[in-house]
Amino acid sequence: MLIGEHAVLHGYPCLVTAVSARMRVTLTRMQENTFVLLAPDVERNELKKPMEEIALGNISKAAVFAETAVRNFSREYQFEGGLRVETSSDFPSTFGFGSSSAVTVAIMAALSHLFNIRLSQREL
């Protein structure tokens with residue numbers, strides 16, 4: 001969304017356009033039951049916690065979308081062990097380019113690929 005990203009929450013229109021900037025996510029399975037997040041673009045150099053504690057309690061703004069995506073996926077498609085999530089993007093999160101949505105969808109798509117689970121566009 002180019003202009004009016006937050007305004008749509010209140011029923012106002014926005015302008016949407018495509019940009020060539022990309023969000024990248026790399027997932028690595030870990031044997032230990034730990035969630036690790038490396039998101040230097042949002043100044044989250046390393047967050048580490050047990051998998052059962054993700055998206056609970058006081059979550060930093062930089063980690064909330066990544067943690068929630070992994071939690072929701074792991075509740076629907078249980079798996080053993082933990083995950084290391086690394087994110088990077090071609091644009092700052094402060095630009096209003098929908099980075100929260102981009103990282104959420106990128107993580108869900110990467111999880112579905114990693115665990116060989118076909119998700120429809122709607123599910124993503």
Side-chain angles (χ1 to χ4, degrees):
M1 293 182 203
L2 183 62
I3 298 172
E5 179 179 10
H6 189 73
V8 298
L9 300 175
H10 301 285
Y12 295 98
C14 69
L15 294 177
V16 178
T17 186
V19 295
S20 61
R22 299 286 181 249
M23 170 68 69
R24 285 171 292 288
V25 172
T26 303
L27 299 179
T28 307
R29 291 186 75 177
M30 301 185 332
Q31 287 187 355
E32 64 184 85
N33 196 33
T34 304
F35 173 79
V36 177
L37 175 64
L38 294 131
D41 294 335
V42 290
E43 298 177 9
R44 175 50 70 184
N45 294 326
E46 184 173 70
L47 167 73
K48 188 174 182 178
K49 61 170 66 174
M51 287 292 290
E52 54 273 357
E53 292 181 16
I54 61 173
L56 297 175
N58 188 14
I59 309 167
S60 74
K61 183 178 177 184
V64 68
F65 297 101
E67 286 192 42
T68 303
V70 171
R71 181 200 63 203
N72 290 346
F73 185 90
S74 66
R75 284 184 177 171
E76 184 71 24
Y77 309 100
Q78 284 87 32
F79 57 88
E80 297 293 319
L83 283 173
R84 176 185 172 95
V85 179
E86 298 178 60
T87 68
S88 65
S89 67
D90 296 338
F91 55 92
S93 62
T94 57
F95 273 17
F97 278 175
S99 59
S100 303
S101 298
V103 76
T104 301
V105 172
I107 288 172
M108 294 300 287
L111 285 165
S112 68
H113 181 76
L114 180 66
F115 291 100
N116 199 26
I117 295 171
R118 292 183 58 104
L119 296 177
S120 69
Q121 291 292 322
R122 180 179 165 100
E123 289 170 311
L124 280 175

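The shown structure was predicted, so the numbers you read here are calculated from the model rather than taken from an experiment.
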Residue pair Met23 / Val105, side-chain heavy-atom distance below 4.5 Å: no

Counting only heavy atoms not in Glu123, do more than 12 fall under 6.0 Å of its CD? yes

When rounded to the nearest 0.5 angstrom, what distance separates CZ in Arg24 from OG in Ser89? 7.5 Å

Measure the CG-OG1 distance between Leu124 and Thr104 for me, rounded to the nearest 0.5 Å. 11.5 Å

Can you name the closest pair of heavy atoms from Ala69 and Leu111 and give their distance? O-CD1, 4.3 Å

Can you name the closest pair of heavy atoms from Lys48 and Thr34 and give their distance? CG-CG2, 3.4 Å

Is the closest side-chain heavy-atom distance between Phe79 and Phe115 below 4.5 Å? yes

Check step by step if side-chain contact (heavy atoms from CB on, under 4.5 Å) holds for Val70 and Leu37. CA-CA 11 Å; Val70 171; Leu37 175 64; over 6 Å; no

Separation between CG (Asn33) and CD (Glu52), nearest 0.5 Å, reads 5.0 Å

CG (Leu119) and CD (Glu76) are apart, to the nearest 0.5 Å, by 9.0 Å

Check against salt bridge (charged side-chain N to carboxylate O under 4.0 Å, His left out), Glu86 and Arg84: CA-CA 7 Å; Glu86 298 178 60; Arg84 176 185 172 95; 3.1 Å; yes

Tell me the closest heavy-atom pair linking Ala7 and Pro13, and the distance in Å. CB-O, 4.4 Å

Exercise: identify the closest heavy-atom pair between Arg71 and Ile54: N-CD1, 3.6 Å

Test Phe73 against every option in Leu114, Ile117, Ile107 by the side chain to side chain contact (heavy atoms under 4.5 Å, CB included) rule and name the one that passes. Ile117

Count the heavy atoms of every other residue, nucleotide or ligand shown that sit under 6.0 Å from CD of Gln31, and state whether that count exceeds 12. no

Compare all side-chain heavy atoms of Phe65 with those of Thr87 and state whether any distance is below 4.5 angstrom. no

